[in-house]
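The block underneath contains the structure these notes are about, expressed in structure tokens.
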Amino acid sequence: DPASNGRARRTAQLTVNGQEIDLGLISIDSVRPTVTGTVPDANAVNVNPAAPIRIAFSERIDPASVSADSVRVLIGGQPVAGQFAVSDAAPQVTFTPAAPVGDLKTVLVILRADRPGFEGQVSQAGVHDLAGNSLAADFSFGFTTGDSTPPALVSLTPTSGSVEQPVAGVIRWEFNEPIDPASVTG
């Protein structure tokens, strides 16, 4: 039953002495969620620095299990500020950065599974499906943002307004970054 999220609460009654025993929450769904796709793709290059990150799963994810601790978005080991959204309609989590992450940055995304403690208890919770099943293992992928900032002219020789320049003189433009020679015509 999709409405039960693979879980049910049941009680049983012993017929010998009429005692009622609460069996508690019974998990019918024991299948762990898996990541089925990401946007951008793993190892993608020239990604828009302002683009959201989308992670698709094999089943719907519990919104309470998605946080900056269970889904880490990092640049140079530092967390990226932003908002998580868990879809009600599709098995998908979206991370939207608070600001563009910057040009030519390597972004690492890590989805965490439960971390077991010494005695088998969960010491650090990871991403779960609606039945409470964690990812089987951490999942990570990375991508590199593109250059979204256009080049800027930093100097021009001869300077604007110069007079009596030689006809055979050289005109030089200096930009703040390399320019593709094929983009210069005329």
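When hydrophobic side chains of Ile, Leu, Val, Met, Phe, Trp and Tyr are connected at separations under 4.5 Å, Val167 ends up as a singleton with no cluster partners.
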With side-chain contact (heavy atoms from CB on, under 4.5 Å) as the test, would you mind laying out the steps for Phe143 and Val45 before giving the verdict? CA-CA 6 Å; Phe143 59 90; Val45 294; over 6 Å; no
Can you check side-chain contact (heavy atoms from CB on, under 4.5 Å) on Ile171 and Thr157, steps first, answer last? CA-CA 6 Å; Ile171 299 174; Thr157 305; over 6 Å; no
What verdict does the side-chain contact (heavy atoms from CB on, under 4.5 Å) test give for Val93 and Phe57, after you've listed the backbone C-alpha separation in whole Å, the side-chain angles of each residue and the deciding distance to 0.1 Å? CA-CA 8 Å; Val93 172; Phe57 293 89; 3.7 Å; yes
Can you check side-chain contact (heavy atoms from CB on, under 4.5 Å) on Trp173 and Val154, steps first, answer last? CA-CA 8 Å; Trp173 293 272; Val154 293; over 6 Å; no
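Inspection of the Gln92 and Ser87 side chains reveals no N or O donor paired with an N or O acceptor under 3.5 Å. The closest side-chain donor-acceptor pair between Thr149 and Asp103 falls under 3.5 angstrom.
In this structure, Val71 is not a member of the same hydrophobic cluster as Leu130, with clusters built from ILVMFWY side-chain heavy atoms closer than 4.5 Å. Taking hydrophobic clusters as Ile, Leu, Val, Met, Phe, Trp and Tyr residues chained together by side-chain heavy-atom distances below 4.5 Å, Val101 does not share a cluster with Leu104. Note on Phe139: it clusters hydrophobically with Val86, by side-chain heavy-atom contacts below 4.5 Å among ILVMFWY residues. Connection of Phe141 to Val35 is established within a shared hydrophobic cluster, with ILVMFWY side chains joined at heavy-atom distances below 4.5 Å, either directly or through further cluster members. Hydrophobic clustering, with ILVMFWY side chains joined whenever heavy atoms are under 4.5 angstrom apart, keeps Leu108 apart from Val80.
Minimum interatomic distance between Asp138 and Ala113 (heavy atoms only, all atoms of both residues): OD1-N, 2.9 Å. Closest non-hydrogen pair, Ser70 versus Val66, comes out as OG-CA, 3.5 Å. Scanning both residues, Ala68 and Phe84, for their nearest heavy atoms gives N-CE1, 3.7 Å. The shortest heavy-atom contact between Leu74 and Arg72 is CD2-NH2, 3.7 Å. Nearest approach of Pro97 to Ala51, heavy atoms of both residues: CD-O, 3.9 Å. Considering all non-hydrogen atoms of both residues, Leu135 and Pro33 come closest at CD2-O, 3.3 Å.
Rounding to the nearest 0.5 angstrom, the gap separating the CG atom in Leu111 from the OG atom in Ser140 is 8.5 Å. Distance check, rounded to the nearest 0.5 Å: CG of Asp147 to CD of Glu177 gives 4.5 Å. Distance CZ/Arg32 to NE2/His128: 8.5 Å, rounded to 0.5 Å. Atoms CD1 and CD1, from Ile61 and Ile55 in turn, are 9.5 Å apart once rounded to the nearest 0.5 Å.
Side-chain N or O atoms of Arg115 include none that pairs as donor or acceptor with a backbone N or O of Ser123 at under 3.5 Å. The main-chain N or O of Gly132 is found under 3.5 Å from a side-chain atom of Asp129 such that the two form a donor-acceptor pair. A distance-only check finds no donor-acceptor pair linking the side chain of Thr96 to the backbone of Pro52 [under 3.5 Å]. Not one N or O on the side chain of Ser65 forms a donor-acceptor pair closer than 3.5 Å with the backbone of Val127. Between the side chain of Asp114 and the main chain of Ser134, no donor-acceptor pair closer than 3.5 Å is present. One N or O on the side chain of Thr145 and one on the backbone of Gly102 form a donor-acceptor pair closer than 3.5 Å.
By the side chain to side chain donor-acceptor pair (under 3.5 Å) test, Asp62 pairs with no residue at all, sequence neighbours left out. Every residue two or more places apart in sequence or in another chain was checked for a salt bridge (Lys or Arg N to Asp or Glu O under 4.0 Å) with Asp69, and none qualifies.
Within 6.0 Å of CD in Gln83 there are 12 or fewer heavy atoms belonging to other residues, nucleotides or ligands.
Contact check for Thr144 versus Val47: no side-chain heavy atoms found under the 4.5 Å cut-off. In this structure, the side chains of Val107 and Val73 come closer than 4.5 Å at one or more pairs of heavy atoms.
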